[in-house]
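Encoded as structure tokens, the structure appears first; notes follow it.
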There are 2 protein chains.
Amino acid sequence: MRDDGYAAATSRRIATEAGVKQALVYYYFPTMDDLFVEVLRTGAEVSLERMRAALTEDDPLRSLWIINSDTRLSALNTEFMALANHRKAIRAELKAYAERVRDIETAAVTVALRTRGIDLNEYPPVAISMLIAQIARSICNEEAVGVSAGHEQMRALVERYLDRLAGASSTPAS
Amino acid sequence: MRDDGYAAATSRRIATEAGVKQALVYYYFPTMDDLFVEVLRTGAEVSLERMRAALTEDDPLRSLWIINSDTRLSALNTEFMALANHRKAIRAELKAYAERVRDIETAAVTVALRTRGIDLNEYPPVAISMLIAQIARSICNEEAVGVSAGHEQMRALVERYLDRLAGASSTPAS
DNA sequence: GTCTATACATAGATAGAC
DNA sequence: GTCTATCTATGTATAGAC
């Protein structure tokens, strides 16, 4: 799916790569959509666990940035997004996952901003968490198609803010 | 393609919707990939023209934000991204398009920031242009799967900065 | 559980009439 | 330029033996 797109993730190929015969896929999954949902669900659980661990570290904002800079994860996410756009079951699953991710990330950002004395009304944690996560993902998505213009400057800008926030503590910053 | 995904954009469906027979598709396009590339190329040209026009207006930063908030365009973009991940010809075309977009957007942002007296070293126009465009797109992508958490706060945050920048002129701001 | 065999739909693509 | 007809590959899914 990551390498050749969701359309290439067929029951035959999956079976072959798993070293079994095609019909066996339908013993475990009623339909291919059920399989996709299960892949998403399992991957999501692993991702969420890794995320929870990372976001309790020293520098949660930087962790957030690094976690969302995973090119391989980002490629898979693009496939699921495309799939979700026209398959109800996958859309529902992806929505649920995205919301859990946002909740976890937002909680971590809330703690981080608060301990650094930043006004949470002026910088709503949920917005800051979106900002960091989505920009990291955007860079990955662009890298996947070979675009690199502005990435260095963007990374530098983010790093500058992350440094500023990592250093700050109980001192209001803008 | 937008409604049912790239996998549903088959020669037969395209022919039917165009009111012709399937074989005719192959009279105009050697392969389906050639057709996809042509769709991308044509759409890109239209998009770029619209973008050039919008970015010469009063408030180019806000225009940039609005242009990239088009849900329909964003859905198509997701499909092409997914396609590009495993089809060389489409990846090359999408890369070329993305780079032209970034150039145009960056040029507009450069002018906007400069006339507002903002330090271009501290806020590289290419990074600011990425920031605005990619956050707008991220919101659209999430909306497509039904996620809305944080969108209002994010939009408010962006609007606040856009307002601040629209007001400023020759007065350094952070 | 895993297999063979197969039904059935639909895809991309081509040949050749008009 | 547009059509009918068709080839071939491949997809999802099922039946039934072991």
**Study point:** B/Leu24, nearest nucleotide to its side chain (from C/dT2, D/dG11, D/dG1)
**Key:** D/dG1
Practice item. Choose from C/dG1, D/dA5, C/dG12 the nucleotide whose nearest atom is closest to any side-chain atom of A/Tyr28. Key: C/dG1
Practice item. Answer yes or no for A/Arg164 and A/Tyr161: cation-pi contact, defined as NZ/CZ to six-membered ring centre under 6.0 Å and angle to ring axis within 45°. Key: yes
Check your understanding: Base, sugar-phosphate, or nothing for A/Val25, non-hydrogen atoms under 4.0 angstrom?
Key -> nothing
Practice item. Would you indicate whether the side-chain heavy atoms of B/Leu157 and B/Met154 approach each other to under 4.5 Å? Key: yes
Review point. Separation of A/Met32 atom CE from D/dT10 atom C1', in whole Å?
Key: 13 Å
Check your understanding: Quick one: does A/Asp70's side chain have a donor or acceptor within less than 3.5 Å of a partner on A/Ile67's backbone?
Key -> no
Check your understanding: Counting side-chain heavy atoms from C-beta on, which of C/dA13, D/dG1, C/dA11 comes nearest to B/Gln22?
Key -> C/dA13
Check your understanding: When you measure from the side chain of B/Asp34 to the backbone N and O of B/Thr31, does any donor-acceptor pair fall under 3.5 Å?
Key -> yes
Study note, to complete from the structure: With the side chain defined as heavy atoms from C-beta on, B/Tyr27 is closest, among D/dA13, C/dC3, D/dG1, to D/dG1
Review point. Whole-Å distance between D/dG16 C1' and A/Lys21 NZ?
Key: 18 Å
Review point. Reckon A/Tyr26 has a side-chain N or O less than 4.0 Å from the OP1 or OP2 of D/dT14?
Key: no
Revision key, fill the gap. Picking from D/dT10, D/dC3, D/dT14, the nucleotide nearest the side-chain atoms of A/Arg12 would be D/dT10
**Study point:** Spacing between A/Arg13 atom CZ and D/dT12 atom P, to the nearest angstrom
**Key:** 12 Å
Study note, to complete from the structure: Rounded to whole Å, the CZ-P distance (A/Phe36 to D/dG11) equals 12 Å
